[in-house]
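For reference, the structure discussed in these notes is given below.
Just so you know, these numbers come straight off a predicted model, no measurement behind them.
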Amino acid sequence: MAPFSPLQLFDPATWTYTYVIFDEVSREAIMIDPVDSQLARDLSVLKQYGLRLKYVMETHAHADHITSAGALIEHTGAIAATPMYCNVLPAAIQLKDGDVLEFGTEKIEALHTSGHTAGSMSFVWRNHVFTGDTLLIGGCGRTDFQSGSAEALYDSITLILFQLPDDTIVWPAHDYKGQTQSSVGYEKQHNPRLNNEHGERRSKASFVALMNALHLPKPHLIDQAVPANLMLGVRHDAGANDTMIYAIQPSAGYAGDISAELAHQWMLSGNAVLVDIRTDAERAWVGFVPDALGIEWKTWPSMALNPNFDAELTAAVPAGASVMLLCRSGVRSIAAAKQAQSLGYTAYNILEGFEGDPDGEAHRGQKGGWRLRGLPWRQN
Ligand SMILES: N[C@@H](CCC(=O)N[C@@H](CS)C(=O)NCC(=O)O)C(=O)O
Ligand SMILES: [Fe+2]
């Protein structure tokens with residue numbers, strides 16, 4: 001297979017690199033360290049490459065910019081994966097050392113590389129390592145705030161990252177000089193934080209002394225960025241949209257309840273398949289949802305369970321996909337979501353069902369905003 005590289009995206013205001021990697025066949029993607037002000041760019045990159053964002057990952061709780069992870073979840077249905085010891089509580093996946101995430105047939109492994117912060121991680125994919133602020137090109141992350149430790153950083157770099165093969169490509173979270181990538185072999189030989197002027201490896205004591213003498217000014221956004229990043233970038237200051245990540249309410253037996261708006265967005269972005277489980281008779285009478293897959297949960301008029309539900313769903317939707325179940329009011333769809341989840345799907349229940357308001361158009365005196373381009377409304 002031809003070698004391929006991560007997409008490297010740059011935020012010039014904070015000198016931050018965001019990375020996108022994806023499986024070429026399934027188009028499932030992950031994004032590492034996205035920046036809030038670049039949300040529109042990042043969404044358009046996903047669209048341009050035809051990608052479905054599966055995971056949004058953070059190497060640490062950043063001090064110098066605010067993540068767009070929460071907003072990306074809202075827009076794409078991605079799942080947040082953050083290092084466990086960074087205490088980003090709303091993230092659905094709390095990564096431990098050695099955890100592996102899969103996207104398509106690709107795999108990425110989390111390595112706990114503490115030092116810049118206690119929870120910091122690096123991520124290894126093929127012969128690439130995303131080092132966050134643990135190892136920078138010709139440098140390393142500072143260790144003077146946010147539970148930083150120069151001793152831990154020395155061990156993480158020399159005992160973990162420098163043990164990767166020399167030809168592993170190094171992709172840092174920041175570069176302040178316009179450099180884009182390096183390799184483990186090059187950094188082992190030439191990184192001046194780890195090697196003295198004679199090219200010899202510094203002792204841990206010498207490294208610690210060097211780090212303690214840096215006296216860098218504090219990142220100017222630190223006081224806003226850290227609390228925001230502990231909430232995946234969802235701010236609680238005036239004007240911020242507090243409801244964002246709470247649009248998914250976890251629930252027992254299925255992936256969770258989602259609002260009509262979120263379901264509509266996921267449908268448009270192709271992140272989940274909308275399954276309309278109302279009876280054929282209800283759909284014909286009340287209105288269809290364009291582009292939805294119609295699979296009855298109960299049959300009319302007996303309202304007995306449809307014995308072919310499982311077969312019809314598995315025939316129409318690929319295994320492992322995300323599905324969103326819609327009924328009239330959001331009750332039947334709970335049972336259907338549990339059933340879909342048990343069949344191996346990531347299944348969501350759409351709150352309020354067909355009576356909900358996916359696009360702000362349902363307030364016109366009658367419910368049924370889901371009938372977006374459907375049949376004419378029938379009074380009854
Ligand atoms: N001037 C930047 C500060 C940049 C900064 O401190 N970056 C951190 C990463 S969050 C670092 O470790 N820098 C390493 C260095 O400058 O050597 C700002 O105000 O945001
Ligand atoms: Fe950092």
Sequence neighbours excluded - side-chain hydrogen bond (donor to acceptor under 3.5 Å, both in side chains) pairs with any residue from residues 312-326: none
Donor-acceptor pair, side chain of Tyr345 and main chain of Val317, under 3.5 angstrom: yes
NZ (Lys204) with more than 12 external heavy atoms under 6.0 Å: yes
Closest contact, heavy atoms only, Leu95 versus Met121: O-CE, 3.2 Å
Side chain to side chain contact (heavy atoms under 4.5 Å, CB included) assessment of Ile66 paired with Asn229: CA-CA 6 Å; Ile66 294 173; Asn229 289 331; 4.0 Å; yes
N/O donor-acceptor pair under 3.5 Å between Arg283 side chain and Arg278 backbone: yes
Ser333 and Leu326: CA distance, side-chain angles, deciding distance, side chain to side chain contact (heavy atoms under 4.5 Å, CB included) verdict: CA-CA 6 Å; Ser333 51; Leu326 181 97; 5.9 Å; no
Verdict with supporting geometry, Trp300 and Glu282, side-chain hydrogen bond (donor to acceptor under 3.5 Å, both in side chains): CA-CA 9 Å; Trp300 191 85; Glu282 276 177 286; over 6 Å; no
Backbone of Pro358 reached by a side-chain donor or acceptor of His264 within 3.5 Å: yes
Over all atoms of both residues, closest heavy-atom pair of Thr14 and Tyr176: O-CE2, 4.4 Å
Heavy-atom closest contact (Arg193 atom, Cys140 atom, distance): NH1-O, 3.0 Å
Test item: Gln94 side-chain N/O and Tyr85 main-chain N/O as donor-acceptor pair under 3.5 Å: no
Straight-line distance of Trp266 CH2 to Ile258 CD1, nearest 0.5 Å: 5.0 Å
Closest non-hydrogen atom pair, Ser114 against Ser156: O-OG, 2.7 Å
Donor-acceptor contact below 3.5 Å, side chain Gln341 vs main chain Ala347: yes
Plane angle bin for Trp171 and Phe130 - parallel if under 30°, tilted between 30 and 60°, otherwise perpendicular: parallel
Worked check of salt bridge (Lys or Arg N to Asp or Glu O under 4.0 Å) between Lys218 and Asp223: CA-CA 10 Å; Lys218 206 165 91 151; Asp223 296 330; 3.5 Å; yes
Close side-chain approach of Glu187 and Ile137, heavy atoms under 4.5 Å: yes
Close side-chain approach of Pro219 and Phe145, heavy atoms under 4.5 Å: yes
Among Asp133, Thr113, Thr131, side-chain hydrogen bond (donor to acceptor under 3.5 Å, both in side chains) partner for Ser122: Thr113
Any Leu136 side-chain heavy atom under 4.5 Å of Asp175 side chain: no
From Ser44 atom OG to Tyr49 atom OH, the distance as rounded to the nearest 0.5 Å: 10.5 Å
Expected output: side-chain Asp99 to main-chain Ala110 donor-acceptor under 3.5 Å: no
Joint hydrophobic cluster, Tyr17 plus Tyr186, side-chain heavy atoms closer than 4.5 Å: no
Atom pair CD (Glu58) and CE (Met31), whose distance is rounded to the nearest 0.5 Å: 11.0 Å
Residues Asp166, Thr168; criterion side chain to side chain contact (heavy atoms under 4.5 Å, CB included); working and verdict: CA-CA 5 Å; Asp166 279 357; Thr168 308; over 6 Å; no
Side-chain (Glu28) to main-chain (Gly104) donor-acceptor, under 3.5 angstrom: yes
Flag side-chain contact, heavy atom, 4.5 Å: His75 against Leu39: yes
Nearest-0.5 Å distance, SG of residue Cys86 to NE2 of residue His62: 8.5 Å
same_hphob_cluster(Trp297, Ile295) at 4.5 Å side-chain heavy-atom cutoff: yes
Main-chain N/O of Glu296 paired with Asn306 side-chain donor or acceptor, under 3.5 Å: yes
Pairwise distance CG(Asn308) to CG(Leu313) - rounded to 0.5 angstrom: 12.0 Å
In one Ile/Leu/Val/Met/Phe/Trp/Tyr side-chain cluster, 4.5 Å: Val35, Leu46: no
Geometric class of the Phe207/Tyr154 ring pair [parallel <30°, tilted 30-60°, perpendicular >60°]: tilted
Phe10 atom CZ: more than 12 heavy-atom contacts under 6.0 Å: yes
hydrophobic_cluster_shared for Met84 and Val88, side chain cutoff 4.5 Å: no
Minimum side-chain heavy-atom gap Phe123-Leu101 below 4.5 Å: no
Short side-chain to backbone donor-acceptor contact, Arg332 and Cys327, under 3.5 Å: no
Derivation of the side-chain hydrogen bond (donor to acceptor under 3.5 Å, both in side chains) call for Asp42 and Gln38: CA-CA 6 Å; Asp42 296 342; Gln38 299 291 349; over 6 Å; no
Thr279 side chain near Thr299 side chain, heavy-atom distance below 4.5 Å: no
Side-chain heavy atoms of Tyr55 within contact of Ile108, under 4.5 Å: no
Whether His174 and His65 hold their rings parallel, tilted or perpendicular, with breakpoints at 30° and 60°: perpendicular
Ile21 vs His128, side chain to side chain contact (heavy atoms under 4.5 Å, CB included): CA-CA, chis, key distance, verdict: CA-CA 11 Å; Ile21 51 180; His128 303 267; over 6 Å; no
Reported CG-to-CD1 distance for the pair Leu153 and Ile157, which is rounded to 0.5 angstrom: 4.0 Å
Validation row: Leu72, Leu53 side chains within 4.5 angstrom (heavy atoms): yes
Expected output: side-chain His116 to main-chain Arg142 donor-acceptor under 3.5 Å: yes
Chi angles and distances behind the side-chain hydrogen bond (donor to acceptor under 3.5 Å, both in side chains) call for Gln189, Asn195: CA-CA 7 Å; Gln189 291 258 307; Asn195 298 293; over 6 Å; no
Partners meeting side chain to side chain contact (heavy atoms under 4.5 Å, CB included) with Glu102 (sequence neighbours left out): Lys107
Result of checking Thr59, Thr16, Thr67 against Asp33 for side-chain hydrogen bond (donor to acceptor under 3.5 Å, both in side chains): Thr59
